[in-house]
Amino acid sequence: MNKLPPLLAMRAFEAVGRTGSVREAAEELGVSSGAITQHVHALETHLQIRLVQRNGRGIELTAQGKLYLPHLTKGFAELRTAHDQLEISKRSSHLVISTYPSLATKWLGPLMFAWKKQHPNASATISGVHPEPALDDGEADFRISYGNRQRFHSRFTHLFTDRLVVVASPALLMRAGPLCNPRDLLKWPLLWVDWGNEYLAPPTWNDWFASAGVSVRELQRDLVFSFPAAAVDAAIEAQGFALAQYSVVASALALGTLVHVLPPELPLPEAHFLAWSGAALEKPLGAAFHSWIINEARRFDRRA
């Protein structure tokens, strides 16, 4: 592969070709006209072709120079754009935090109001998506995710280990009356969540009844949700009892729209983690958010 010419030489020629004048190119780049001429000659020597020729008292590009110029102009424009975007990113207090949809709506979303209260001038985008973002490609600053998906990231730390709890709406509990025995739940609709095959299998209703000391045959999965938040919403609407992540129901429990019904609570087999891009902590509020969300999650971990 041919070695690229010196960057200063290419920059000098690009300025001369774009402005049509050695003097204007020198003023733009803050050097002398002699320096511009030397850089252009060095470029021609490196490429072993003429790029500029005299035309009366002025100069003009040769055919090869006219072919070369637009590519250099485009390249330097891209470099300027990259530099400008980097400077904007460094100065911006806006953060993009990605997590999976149920955690975005039920845990991170409510929690971010506390962050906003501490940092009134800060702004953030909460991106609720299942695919792991390419953090170092600028798709997000931070990612909160679960299980072995940390393999997609180079920087990550533990946040919390969640638990599954049985919840129901006050309206459903009024209809059901006193629930003294876990077996009483079998008379009512049980809401299921299908986590798919990517993760270690989380506990199911069968596991919960077994942990509660209730012997049951294989339960029929009448209504299965692919999103934990959808099962929680159905429980809030008094459609049945949900075996749900504490992180996804904590806000509803605090508001009283759901009630924790009966023990036991079953831990999930894998933990949630926080990942971040290489540039995230260099943002004005990046390091502060990093520390804050870890502290919030670990306090939540102790509560859970």
**Request:** Establish, yes or no, whether a centroid distance under 6.0 Å links the rings of His158 and Phe273.
**Result:** no
**Rounded distance [0.5 Å steps], CG in Leu95 versus CZ in Phe289** = 6.5 Å
**Asked** Counting distance only, does the side-chain N/O of Asp137 pair as donor-acceptor with the main-chain N or O of Glu139 below 3.5 Å?
**Response** no
**Asked** Do Leu173 and Trp188 touch side chain to side chain, with heavy atoms closer than 4.5 Å?
**Response** no
**Asked** Counting heavy atoms not belonging to Arg54, are there more than 12 under 6.0 Å from its CZ?
**Response** no
**Asked** Would you say the side chain of Pro203 lies within less than 4.5 Å of the side chain of Pro269, judging by non-hydrogen atoms?
**Response** yes
**Item:** Check: Ser127 side chain, Ser98 main-chain N or O, donor-acceptor pair, under 3.5 Å
**Value:** no
**Prompt:** Using the ring of each side chain (for Trp, its six-membered ring), is Trp195 parallel, tilted or perpendicular to Tyr199, with breaks at 30° and 60°?
**Reply:** perpendicular
**Prompt:** Where the side chain of Ser291 meets the backbone of Ala288, is there a donor-acceptor pair that is under 3.5 Å apart?
**Reply:** no
**Prompt:** Do Leu47 and Phe13 touch side chain to side chain, with heavy atoms closer than 4.5 Å?
**Reply:** no
**Request:** Describe, in one word, how the ring planes of Phe160 and Trp107 are oriented to each other, choosing from parallel (under 30°), tilted (30 to 60°) and perpendicular (over 60°).
**Result:** tilted
**Request:** Please check if atom NZ in Lys74 has more than 12 non-hydrogen atoms from other residues, nucleotides or ligands closer than 6.0 Å.
**Result:** no
**Prompt:** Do the ring planes of Trp115 and His119 sit parallel (below 30°), tilted (30 to 60°) or perpendicular (above 60°)?
**Reply:** tilted
**Message:** Walk me through whether Arg11 and Leu43 qualify under side-chain contact (heavy atoms from CB on, under 4.5 Å).
**Reply:** CA-CA 10 Å; Arg11 191 179 180 199; Leu43 181 61; over 6 Å; no
**Fill in**
Between Leu67 and Pro70 the two heavy atoms that sit nearest each other are O-CD, 3.6 Å
**Prompt:** Looking at CD1 of Ile236 and CG of Leu172, how far apart are the two atoms once the value is rounded to the nearest 0.5 Å?
**Reply:** 12.5 Å
**Message:** Can you classify the ring geometry of His290 versus Phe142 as parallel (below 30°), tilted (30 to 60°) or perpendicular (above 60°)?
**Reply:** tilted
